[in-house]
Amino acid sequence: MKQLAKHCSKKNAPLGITGLLLYSGGHFMQLLEGPESVVGGLFDLIHRDPRHAAVRRLLSKPVSGRLFPQWNMGLLNLDSTASSDLRGLTTALRGALPDRTRPAGTEGALALLREFRQQLPAPSVV
């Protein structure tokens with residue numbers, strides 16, 4: 001997964017894309033931030049990539065600021081998160097993911113990502 005995050009970060013930097021890649025139990029959730037046309041094009045590439053299955057756009061909207069401005073692609077492996085401070089949020093995020101097709105579920109997932117951002121240390125270079 002570190003190789004994947006490093007690859008994404010290298011490709012995202014010149015595009016002005018930032019965000020976070022979450023992994024848990026064989027599933028990924030990704031937050032992409034950047035110019036709408038670039039994020040849309042990147043999402044289309046991800047969606048068409050045969051290595052991905054059941055790709056869904058959970059939420060797409062303009063925001064006043066980025067959650068992860070310093071991360072061309074941060075990685076958080078929820079299966080290996082050992083910090084007791086993050087365990088409650090990890091459980092809550094996992095609980096929010098099955099409801100992702102409902103607007104409240106997507107907004108809830110975004111709220112949890114914001115909370116993760118508050119608790120995470122500064123990004124390290126991958």
Side-chain angles (χ1 to χ4, degrees):
M1 280 192 279
K2 286 184 179 183
Q3 289 283 31
L4 174 62
K6 186 175 182 177
H7 175 76
C8 291
S9 182
K10 185 185 281 188
K11 293 191 97 173
N12 290 346
L15 298 174
I17 297 290
T18 59
L20 177 67
L21 182 63
L22 297 169
Y23 172 81
S24 178
H27 300 280
F28 289 90
M29 181 173 145
Q30 187 171 30
L31 173 71
L32 297 171
E33 304 172 308
E36 186 176 347
S37 62
V38 178
V39 169
L42 184 53
F43 178 82
D44 289 342
L45 284 173
I46 292 167
H47 191 261
R48 289 192 312 262
D49 188 318
R51 295 172 292 180
H52 302 131
V55 175
R56 295 182 189 165
R57 184 182 312 242
L58 301 179
L59 184 64
S60 178
K61 68 178 190 176
V63 295
S64 60
R66 296 179 186 216
L67 285 177
F68 303 96
Q70 297 173 327
W71 295 14
N72 293 113
M73 191 48 56
L75 171 65
L76 183 57
N77 181 345
L78 300 178
D79 291 348
S80 68
T81 299
S83 169
S84 60
D85 292 341
L86 293 177
R87 281 195 188 127
L89 289 173
T90 299
T91 302
L93 181 59
R94 285 180 180 149
L97 294 179
D99 296 328
R100 66 187 176 270
T101 57
R102 295 180 308 150
T106 58
E107 289 295 333
L110 187 56
L112 286 166
L113 285 171
R114 286 187 182 110
E115 186 64 28
F116 266 116
R117 180 61 196 112
Q118 293 297 316
Q119 292 196 34
L120 290 174
S124 59
V125 177
V126 180

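If you read the sequence from its start, that first residue is 1, and numbering goes on from there.
The two residues Met73 and Leu21 have their closest heavy-atom pair at SD-N, 3.7 Å. In terms of heavy atoms, Gly16 sits closest to Pro35 at O-CD, 4.0 Å. Closest approach of Arg66 to Gly34, counting heavy atoms only: NH2-CA, 3.3 Å.
Within the 4.5 Å cutoff, the side chain of Leu75 has no heavy atoms near those of the Leu4 side chain. Residues Leu58 and Met29 have side chains in contact (heavy-atom distance under 4.5 Å, counting atoms from C-beta outward). Considering only heavy atoms from C-beta on, Asn72 stays 4.5 Å or farther from Ile17 through its side chain. Two residues are said to be in side-chain contact when any heavy atoms from C-beta on lie closer than 4.5 Å; Leu22 and Phe28 fail this criterion.
Not counting sequence neighbours, the partners of His47 by the ring-ring contact (aromatic ring centres under 6.0 Å, His included) test are Phe43.
For the pair Asn12 (side chain) and Cys8 (backbone), a donor-acceptor distance under 3.5 Å is present.
Going from atom CG of Leu32 over to atom CG of Leu15 covers 10.5 Å, rounded to the nearest 0.5 Å.
The side-chain hydrogen bond (donor to acceptor under 3.5 Å, both in side chains) contacts involving residues 25-34 comprise Thr18-Glu33, where partners must be two or more places apart or lie in separate chains.
In this structure, His7 places its NE2 atom where only 12 or fewer heavy-atom neighbours from other residues, nucleotides or ligands lie under 6.0 Å away.
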